[in-house]
Amino acid sequence: MLFDYPTPTGLAGHLSAIFPSDAERAVTPILAELDRLGVNLPGLGDDDPLRGRVEERLRKLLTELTGEENAPDQGDASDERFATATDDELFQFLDDELET
């Protein structure tokens with residue numbers, strides 16, 4: 001292992017992949033379920049009557065997760081902000097998001 005992972009950071013990363021923490025083991029099934037759901041979402045067309053029910057349930061879950069009643073509606077303000085943003089503001093946003 002010394003030759004494959006010569007730095008403490010490399011070794012720690014390798015060991016955490018092999019031995020996930022209790023928190024990671026608890027989250028893994030949830031992420032797997034979200035992945036399964038994500039595979040089926042593109043099949044819901046705009047005219048599919050089930051789409052509205054799925055969207056409503058997802059919004060409810062997001063509200064439960066974040067504790068913010070208006071969390072789904074924040075996208076409208078973001079869309080407007082991005083539509084009126086200058087190039088410099090967009091690049092700054094990307095830099096901040098990517099932490100470069």
Side-chain angles (χ1 to χ4, degrees):
M1 285 196 346
L2 178 62
F3 294 109
D4 291 334
Y5 307 99
T7 66
T9 304
L11 180 60
H14 174 69
L15 292 176
S16 68
I18 294 173
F19 305 108
S21 69
D22 290 340
E24 289 171 334
R25 279 193 293 274
V27 169
T28 300
I30 296 170
L31 295 176
E33 284 297 315
L34 290 173
D35 289 341
R36 279 181 359 137
L37 176 65
V39 168
N40 294 315
L41 287 178
L44 292 174
D46 289 340
D47 58 343
D48 192 323
L50 183 59
R51 182 184 177 101
R53 291 177 52 202
V54 170
E55 183 178 342
E56 180 181 333
R57 184 65 182 127
L58 288 172
R59 288 182 186 278
K60 190 178 211 179
L61 288 171
L62 181 61
T63 299
E64 289 174 17
L65 178 66
T66 62
E68 298 176 15
E69 285 296 320
N70 296 325
D73 297 330
Q74 291 174 353
D76 296 337
S78 296
D79 292 342
E80 184 178 326
R81 229 180 46 217
F82 284 121
T84 60
T86 66
D87 289 344
D88 289 335
E89 291 171 333
L90 290 174
F91 286 124
Q92 183 62 49
F93 171 78
L94 290 173
D95 287 343
D96 293 343
E97 286 297 309
L98 299 174
E99 298 180 39
T100 57

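Side chains included, hydrogens not; waters and symmetry mates left out as well; all remaining heavy atoms used. Owing to the predicted nature of the structure, the values given are computational and were not obtained by experimental measurement.
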Test side chain to side chain contact (heavy atoms under 4.5 Å, CB included) on Leu62 and Leu58 and set out the steps.
-> CA-CA 6 Å; Leu62 181 61; Leu58 288 172; over 6 Å; no
Test: Glu64 and Lys60 ion pair at under 4.0 Å = no
Mind checking side chain to side chain contact (heavy atoms under 4.5 Å, CB included) for Leu65 and listing every partner two or more places apart, or none if nothing turns up?
-> none
Ile18, Leu11: one ILVMFWY side-chain cluster at the under-4.5 Å cut-off?
-> yes
Is a side-chain donor-acceptor pair under 3.5 Å present for Gln92 with Asp96?
-> yes
Applied to residues 34-44, the salt bridge (Lys or Arg N to Asp or Glu O under 4.0 Å) test, sequence neighbours excluded, yields Glu33-Arg36
Counting only heavy atoms not in Arg53, do more than 12 sit closer than 6.0 Å to its CZ atom?
-> no
